Amino acid sequence: MALRQPRRDERRLQSIHRLHPAIEGRIHRRQRPVRPPEDRLVQRPLRLLPGGGPARHHAADGLHPLLRRRGKRPVRVRKCRGDRGSRARHPRRLRRAQPRGLRPGAGTFRGGESPRLAPGTRGRMKSAVSPRREEDFPEWYQQVVKVADLAENSDVRGCMVIKPWGYGLWECIQRQLDFLFKETGHKNAYFPLFIPLSYMEKEAGHVEGFAKECAVVTHHRLEAGDDGKLHPAGELSEPLVVRPTSETIIGATYAKWVQSYRDLPILINQWANVVRWEMRPRLFLRTTEFLWQEGHTAHETEQEALEETERMIRVYEAFARDHLALPVIAGEKSESERFPGAVKTFTIEAMVQDRKAIQAGTSHFLGQNFSRASGIRFLSRQGAQELAWTTSWGVSTRLIGTVIMTHADDDGMIIPPRIAPAHVVILPICPKPETRDAVLAAAEALRKRLAALAFHGAPLGVEVDRRDIGGGVKNWDWIKKGAPVRIELGPRDLENGTLAVSRRDRAGKEFLQTDAFVEQAPAILQSIQDALYAKALAWRDEHTRVIDSREDFRAFFTPGNPAKPEIHGGFAKTHWCGARACEERIKNDLKVTIRCIPFDAVQEAGRCVECGEPSGRRVIFAKSY
RNA sequence: CGGGCUGUGGCUCAGCUUGGUAGAGCGCUGCGUUCGGGACGCAGAGGCCGUGGGUUCAAAUCCCACCAGCCCGACCA
């Protein structure tokens with residue numbers, strides 16, 4: 001009783017708070033913001049390709065031929081020129097602009113009732129995602145995943161349903177990475193989901209790292225009880241662990257495969273799911289079950305294994321850069337951040353839009369730790385029994401989260417063309433039933449022409465959205481999903497042989513001759529790819545600081561408002577003496593960790609940013625995911 | 001695993017203090033007007049109020065227990 005009373009009061013307080021006029025006014029304001037003319041669509045001259053490429057522009061008056069043609073009919077022209085600002089003065093709009101009064105349940109920023117305007121952004125275009133990045137980055141992220149139709153939470157805590165558009169991203173990543181693995185001499189195989197408990201105990205560091213987050217299978221049968229419910233029965237003699245990673249079971253297998261140096265190297269990769277019982281799941285970034293790839297190799301010499309470890313982190317680095325448009329820093333992890341059981345861990349670290357670091361891929365030199373634990377022995381060229389040298393390396397569906405947090409904006413997802421499930425989406429505009437068939441036929445013809453083209457060796461992915469819904473809704477749907485290029489094709493385009501092209505990385509749209517567009521399509525996609533990379537690189541560089549003093553370091557990572565930290569900090573390139581104690585203290589004080597010791601760090605004398613002891617090179621400090 | 005909070009149509013929530021016919025917005029369906037920047041009007045479908053027990057003539061509402069989820073800390077790709 002005493003427990004519930006304060007709860008009531010709090011609820012009441014909340015209700016009162018919601019009804020406060022100032023707050024209500026902000027939430028209920030339904031006015032459509034009058035967009036400044038320079039933000040309007042059609043008027044702004046566009047270039048689809050950088051540097052005055054072959055993109056064909058409208059005549060000097062800035063008008064598309066279509067619009068000029070219609071210029072004889074002033075009413076149409078005004079409409080076509082996208083003079084949407086006038087909509088605010090339209091009688092119907094005016095009516096909507098009136099305050100609606102209090103409506104129950106509307107005092108929320110979530111769900112369908114998203115606010116048109118964020119505080120202090122009067123007159124700005126509303127964005128598709130609410131809140132905006134600068135308002136609440138974690139919530140923005142969740143909303144992007146949702147509105148882009150990438151994934152959703154399932155009824156199983158911590159496990160997500162990856163929806164077709166999101167899974168399409170994974171398929172593209174998978175296909176291209178797989179190609180790169182094959183190119184570097186690896187073959188795919190598949191190992192069991194279940195690992196005998198005793199295997200997990202073999203490597204001490206490994207146990208320590210994963211024991212706390214293992215799902216354990218103890219029974220193999222269900223029996224109906226007297227209560228009518230099903231109960232586990234048939235207890236296993238030895239519990240099975242659902243793989244959190246596969247070093248142990250693969251090691252045990254390799255031990256059987258390897259007899260002599262002639263059996264080495266073993267270069268194998270597996271595409272699989274793994275389970276790590278996480279406390280705080282987040283779609284794509286940290287889920288209980290996730291999809292990944294894990295490469296496991298065994299080598300004759302330490303040198304060979306080290307080369308493999310570095311080769312694969314370089315593969316990841318290049319893949320991130322060229323395919324995902326992610327600038328990453330490749331380097332080595334400090335001891336405390338190493339993979340459990342590894343001798344060395346290499347990583348690629350990306351910076352996302354809240355300036356935090358995210359580990360996007362890792363490659364581990366496992367030394368002889370796992371071959372010792374699993375007994376991977378071979379007869380050497382000299383006739384002696386030796387332990388193999390092993391490596392493992394992996395990237396996961398977290399890459400998708402990284403891509404989202406790097407490229408997406410306040411209107412939703414932006415997909416780098418090279419991993420887009422569909423590169424070009426054709427939106428047929430069918431205002432009148434009598435032109436519908438012709439427009440759809442033209443859309444299909446265009447799809448075929450585009451699909452015959454190639455982008456980086458693969459056919460262009462083209463989708464025609466035939467859904468019978470409003471043109472604006474349809475268009476926004478694909479903006480939110482982040483399709484690289486949208487084509488609007490309407491009846492008037494048919495007469496003129498034109499189409500309207502929109503790039504997801506830029507505002508507005510441009511009318512082009514269909515032939516010209518088809519010719520340029522792959523180049524436009526590459527231009528988008530390059531632009532995304534350039535933007536992400538500029539962002540990272542802008543928020544990377546060379547820091548030498550302890551005060552500057554602490555100031556860099558201390559938010560102005562600790563109660564509700566704003567987006568702050570970034571990458572700090574600082575000297576570090578190498579002592580674990582310094583690293584630890586910084587982590588405790590600032591929640592900042594060493595992301596990596598970059599491979600390309602120049603040798604340079606300096607002093608540790610924490611203790612002042614001498615240091616030979618700089619490391620990257622950052623807050624991280 | 002510690003601390004705080006919440007469970008009511010698909011989603012976000014109101015209703016509970018003071019027990020008496022279950023509500024709103026969005027979404028969904030149909031029809032009409034729309035459709036090249038996110039439309040509008042009208043009509044409609046959809047809920048044993050987390051579960052179990054108790055109090056009462058009567059429980060979404062009061063009491064008890066349980067379950068689930070969220071947030072903040074420790075851990076992580």
Side-chain angles (χ1 to χ4, degrees), chain A residues 1 3-12 14-15 18-19 28 32 35 39-42 64 66-67 79-82 84 87 90 92-93 95-96 100 102-114 116 125-128 138 146 152-153 155 157-158 209-213 244-245 274 276-282 284-288 290-292 294 337 339-340 345 347 358-362 394-399 401-402 411 427-432 468-477 479-480 486 488-493 499-500 502 507-509 511 591 624-625:
Chain A
M1 184 182 245
L3 280 175
R4 289 188 67 91
Q5 202 55 43
R7 237 172 72 182
R8 263 256 164 70
D9 291 343
E10 277 171 43
R11 278 183 179 183
R12 169 155 292 213
Q14 282 172 5
S15 302
R18 284 204 186 89
L19 298 178
H28 289 297
R32 179 173 293 265
R35 230 180 323 150
D39 258 12
R40 294 192 193 135
L41 298 177
V42 183
H64 177 259
L66 269 184
L67 306 180
K79 189 177 177 188
C80 289
R81 288 184 63 186
R84 293 288 168 160
R87 287 171 76 172
H90 189 280
R92 220 191 299 166
R93 304 274 157 194
R95 203 166 66 231
R96 285 188 67 215
R100 274 199 181 175
L102 305 180
R103 286 166 310 160
T108 171
F109 279 85
R110 298 202 175 167
E113 268 295 32
S114 60
R116 300 277 157 143
M125 188 65 179
K126 76 167 176 170
S127 59
K146 184 179 164 189
E152 62 191 35
N153 281 307
D155 292 343
R157 195 200 124 88
F210 288 109
K212 280 172 285 182
E213 49 187 25
T245 177
V274 284
R276 295 180 188 175
W277 216 261
E278 296 291 348
M279 291 296 105
R280 218 184 279 303
R282 273 242 259 160
F284 291 116
L285 298 176
R286 198 167 42 219
T287 46
T288 299
F290 59 95
L291 305 181
W292 78 346
E294 47 180 329
E337 298 274 327
F339 175 76
T345 288
T347 177
I358 183 163
Q359 181 174 305
T362 47
V395 297
S396 71
T397 35
R398 174 180 257 201
L399 282 179
T402 307
D411 286 331
L427 309 169
I429 309 295
C430 310
K432 295 194 168 53
D468 184 21
I469 54 175
V473 176
K474 200 186 275 191
N475 191 37
W476 273 99
D477 207 46
I479 292 174
K480 289 185 284 192
R486 302 186 307 281
E488 290 171 43
L489 192 64
R492 276 178 280 144
D493 290 312
L499 40 68
S502 306
K509 66 183 170 187
F511 286 86
K591 298 193 173 88
S624 78
Y625 276 93

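Chain letters run A, B, ... following the sequence lines, proteins first and then strands; every chain starts at 1. This one's a predicted model, so the numbers in the text were calculated from it and none came from an experiment.
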Sugar-phosphate, base or nothing in reach of A:L285, heavy atoms under 4.0 Å: base
Nucleotide nearest A:S396 when distance is taken to its side chain, options B:A77, B:G38, B:C76: B:A77
Sugar-phosphate only, base, or nothing, as touched by A:T345 at under 4.0 Å among non-hydrogen atoms: nothing
Distance-only donor-acceptor test (3.5 Å): side chain A:D477, base B:G38: no
Base-pairing string, 5' to 3', of RNA chain B - Watson-Crick or wobble, under 3.5 Å, | interstrand: (((((((..((((......[..)))).((((((.....)))))).....(((((..]....))))))))))))....
Extract from the structure each pairing of a protein N or O with an N or O of nucleotides 67-72 of chain B at less than 3.5 Å, listing the distance.
residue: B:C70; atom: OP2; partner: A:R157; partner atom: NH1; Å: 2.7

Partners meeting salt bridge (charged side-chain N to carboxylate O under 4.0 Å, His left out) with A:E488 (sequence neighbours left out): A:K509
Those residues that, when tested against A:E152, pass salt bridge (charged side-chain N to carboxylate O under 4.0 Å, His left out) (two or more places apart): A:K163
Touch class at under 4.0 angstrom, heavy-atom based, for A:E488 against every strand present: base
Counterpart residues, side-chain contact (heavy atoms from CB on, under 4.5 Å), relative to A:D411 (two or more places apart): A:S127, A:A128, A:D409, A:W476, A:I479, A:R504
Sugar-phosphate only, base, or nothing, as touched by A:P340 at under 4.0 Å among non-hydrogen atoms: nothing
A:V473 side chain, from C-beta outward: closest of B:A77, B:G38, B:G36: B:G38
A:F210: partners by ring-ring contact (aromatic ring centres under 6.0 Å, His included), with sequence neighbours left out: A:H206, A:F339
